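One structure is given below, encoded as structure tokens.
All values derive from a computational prediction rather than experimental measurement.
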Amino acid sequence: MEWSFQTAEELVAALRGRAVTSVELTDEAIARIERDDEVINAICVPDFDRARAAAHRADQARARGEDRPLLGVPVTVKESYNIAGLPTTWGMPPHRNYVPAEDAVQVSRLKGAGAVVLGKTNVPLGLQDIQSFNDIYGTTTNPWDHARTPGGSSGGSAAALASGFGALSIGSDLAGSLRTPAHFCGVYAHKPTLGLAATRGMVAPCEPALPAEFDLAVVGPMARTARDLTLLLDVMAGPDPLTHGVAHRLALPPARHERLRDFRVLVLDEHPLIPTGSPVRAGVHRVAAALVDGGAHVEQHTPLLPDLTEAATLYMKLLISGSVARFPIESLEQLATRAAELSADDQSLDAVRLRAMVFSHRDWIEANNRRELHRHGWRALFTVFDAVVCPITPTPAFPHDHNPNPLERRIDIDGVEYPYFDQLVWAGLATMPGLPATAIPTGRSPEGLPVGVQLIGPMFEDRTPLRLAELLEHKIGGFQAPK
């Protein structure tokens with residue numbers, strides 16, 4: 001039997017039933033990677049010798065009667081996580097030889113749950129792109145169309161899952177970096193509530209792995225089914241043992257409902273700042289139709305929805321000001337001059353991003369205060385609705401675009417070009433207020449490319465969008481392996 005595309009849940013059951021060993025699963029996964037990854041280039045740092053040793057230990061542990069949530073299951077890890085003995089570069093050539101001495105907290109949790117780490121998956125330079133290419137490890141391609149990107153920055157993880165390279169992966173999300181690759185590659189991902197899963201050790205190379213909480217950024221699970229997302233989230237969730245974990249214990253509430261007909265869902269397919277491409281709009285409508293068919297209460301409008309234009313603007317302000325602070329730029333004075341020359345009437349997202357590059361602390365505090373008002377608005381919305389269905393990006397996977405100046409790139413939406421980074425507004429809808437969001441596949445575009453949507457849920461009620469994802473998987477289908 002071939003195991004590579006079996007779910008993690010199925011692999012755990014097979015391992016418990018002695019139908020297969022971890023060594024057999026690991027050898028099969030490695031053979032598939034060695035056979036197919038030359039074209040995909042998802043696994044940028046293989047760790048096969050240690051994986052085989054870990055698989056052997058997992059089989060010995062099971063023979064002793066041990067049982068852990070992921071004991072013996074082959075998985076991958078995004079390159080940006082520290083793994084002791086392996087390079088962590090974030091695709092940045094000056095750091096190609098940096099090797100941390102300690103595992104990231106999430107890598108420790110994976111290993112503690114018994115997972116077998118096959119290696120690390122590719123990322124864009126500094127995790128700062130919607131694609132996954134860099135000068136150290138090259139370009140990761142989309143398993144559905146090698147001329148297109150798998151997305152970023154967790155593109156290597158999504159491509160690995162779609163290719164059968166391990167049953168699970170862990171990634172991160174600041175600007176849709178879990179959800180966009182899942183959407184582009186036809187797999188599942190979950191952006192947890194901000195602060196739900198500890199991030200220590202998912203840090204730029206040579207920076208100390210401190211238990212700090214970065215604004216907007218989260219770490220989260222990727223899988224080929226919704227139930228596997230929940231399985232992996234249960235391993236990842238919880239505070240850092242060095243800080244909040246000293247006093248706090250996690251108790252996520254159950255999903256609000258178990259049956260599709262009990263869900264109250266708001267469906268959005270239009271954004272005031274960027275159009276939705278026809279394949280993505282069709283995917284949203286497929287989900288809406290499945291919800292109606294399943295008896296769910298579906299609405300397309302509500303006065304409770306926070307203003308989408310202001311939400312996108314706030315997101316860009318917080319995202320860009322934070323990114324610039326973490327990755328200092330040399331031409332700050334030139335940027336300040338350019339920002340000052342902007343017309344006060346210019347409220348385009350390009351102008352918002354430029355102004356955010358030279359934000360003062362006072363500017364950031366003002367934006368953060370507006371964010372709190374949006375969070376309160378979402379709380380009100382989620383007293384009436386249980387989830388929001390909307391796009392992740394306006395298009396399916398786009399062709400590779402390696403223009404060194406991202407500001408010169410454009411995204412084609414039904415034949416019309418728009419600024420490259422404007423496509424982030426949908427991802428930012430959940431990121432800016434820190435809400436959980438589950439990416440699910442919904443089918444294929446006319447070109448045969450995967451199309452996904454996101455299910456946004458109430459803060460710290462991550463099991464609600466995850467349960468809805470599981471129910472929709474039964475209605476509209478889920479992952480399909482690339483032909």
Side-chain angles (χ1 to χ4, degrees), residues 8 45 47 50-51 54 57-58 68-71 73-90 95 98-121 123 126-127 153-154 156-157 166-174 177-178 189-223 228-252 322 326 431 434 436 460 462:
V45 185
D47 197 21
R50 294 199 301 183
R57 290 193 300 272
R68 285 171 268 161
L70 300 176
L71 186 58
V73 176
V75 305
T76 61
V77 172
K78 188 175 181 178
E79 200 270 357
S80 49
Y81 285 86
N82 286 347
I83 298 182
L86 297 182
T88 297
T89 71
W90 288 35
H95 301 295
Y98 174 67
V99 178
E102 186 177 61
D103 288 343
V105 65
Q106 293 300 342
V107 173
S108 295
R109 287 176 179 176
L110 271 181
K111 292 180 178 179
V116 174
V117 178
L118 297 167
K120 299 179 108 182
T121 58
V123 297
L127 314 189
S153 62
S154 307
S157 288
L168 302 166
S169 193
I170 58 173
S172 61
D173 194 310
L174 174 68
S177 289
L178 285 160
H190 181 70
K191 185 200 87 66
T193 297
L194 182 66
L196 178 63
T199 61
R200 176 164 48 92
M202 216 297 295
V203 62
C206 296
E207 291 187 12
L210 301 174
E213 295 183 5
F214 296 109
D215 190 34
L216 303 175
V218 302
V219 296
M222 306 183 78
D228 279 0
L229 285 181
T230 301
L231 175 68
L232 184 49
L233 181 67
D234 285 344
V235 170
M236 300 181 72
D240 194 302
L242 298 183
T243 53
H244 295 295
V246 174
H248 296 177
R249 294 294 178 267
L250 181 67
L252 280 178
R326 292 181 64 199
T431 301
F460 288 110
D462 294 56

For Thr89 and Glu79, does a side-chain donor sit closer than 3.5 Å to a side-chain acceptor? yes
Is there a side-chain contact between Thr76 and Val117 (heavy atoms, below 4.5 Å)? no
Nearest 0.5 Å please: distance from the CE atom of Met222 over to the OG atom of Ser157. 5.5 Å
Flag the pair Leu110 / Val75 as yes when at least one side-chain heavy-atom distance between them is below 4.5 Å, and no otherwise. yes
Quick test of your reading of the model: are Lys120 and Asp47 salt-bridged, counting only N-O distances below 4.0 Å? no
To the nearest 0.5 Å, what is the distance between CG (Leu178) and NE2 (His190)? 9.5 Å
Could you measure the distance from the CG atom of Leu229 to the CE atom of Met236? Nearest 0.5 Å is fine. 10.5 Å
Note, Val107 side chain near Val77 side chain (heavy atom, < 4.5 Å): yes
Which atom pair, heavy atoms only, marks the closest approach of Pro69 to Val235? CB-CG2, 4.2 Å
The complete set of side-chain hydrogen bond (donor to acceptor under 3.5 Å, both in side chains) pairs with one or both residues in residues 228-240, sequence neighbours excluded, reads Arg200-Asp240, Asp234-Arg463
Within the structure provided, determine whether Lys191 and Pro436 are in side-chain contact (heavy-atom separation under 4.5 Å). no
Sub-3.5 Å donor-acceptor pair from the side chain of Arg249 to the main-chain atoms of Gly238, do we have one? no
What distance separates Asn82 CG from Gln106 CD, expressed to the nearest 0.5 Å? 12.5 Å
Within a strict 4.5 Å, meaning less than it, do heavy atoms of the Leu196 and Leu233 side chains meet? yes
When you compare the side chain of Lys78 with that of Ser177, does any pair of heavy atoms fall below 4.5 Å? yes
At their closest point, which heavy atom of Thr193 faces which heavy atom of Asp462, and how far apart are they? OG1-OD1, 2.7 Å
Locate the shortest heavy-atom distance separating Ala204 from Trp90; write the atom from each residue and the value. N-CZ2, 3.1 Å
Is there a side-chain contact between Val116 and Val73 in this structure, where contact means two heavy atoms from C-beta onward sitting under 4.5 Å apart? no
Quick check against the 3.5 Å criterion: does Ser154 have a side-chain atom that pairs as donor or acceptor with the backbone of Ser172? yes
Just how far is it from atom CG of Asp173 to atom OG of Ser153, taken to the nearest 0.5 Å? 8.0 Å
Separation between OH (Tyr81) and OG1 (Thr88), nearest 0.5 Å, reads 11.5 Å
Sequence neighbours excluded, which residues qualify as side chain to side chain donor-acceptor pair (under 3.5 Å) partners of Arg68? Glu66
Of the non-hydrogen atoms in Pro239 and Arg109, which two are nearest, and what is the gap between them? O-NH2, 2.8 Å
For a 4.5 angstrom cut-off between non-hydrogen side-chain atoms, does Lys111 reach Ile83? yes
Closest heavy-atom contact between Leu168 and Ala223? CD2-CB, 3.7 Å
Considering all heavy atoms, the nearest Pro87-Val45 contact: CD-CG1, 4.0 Å
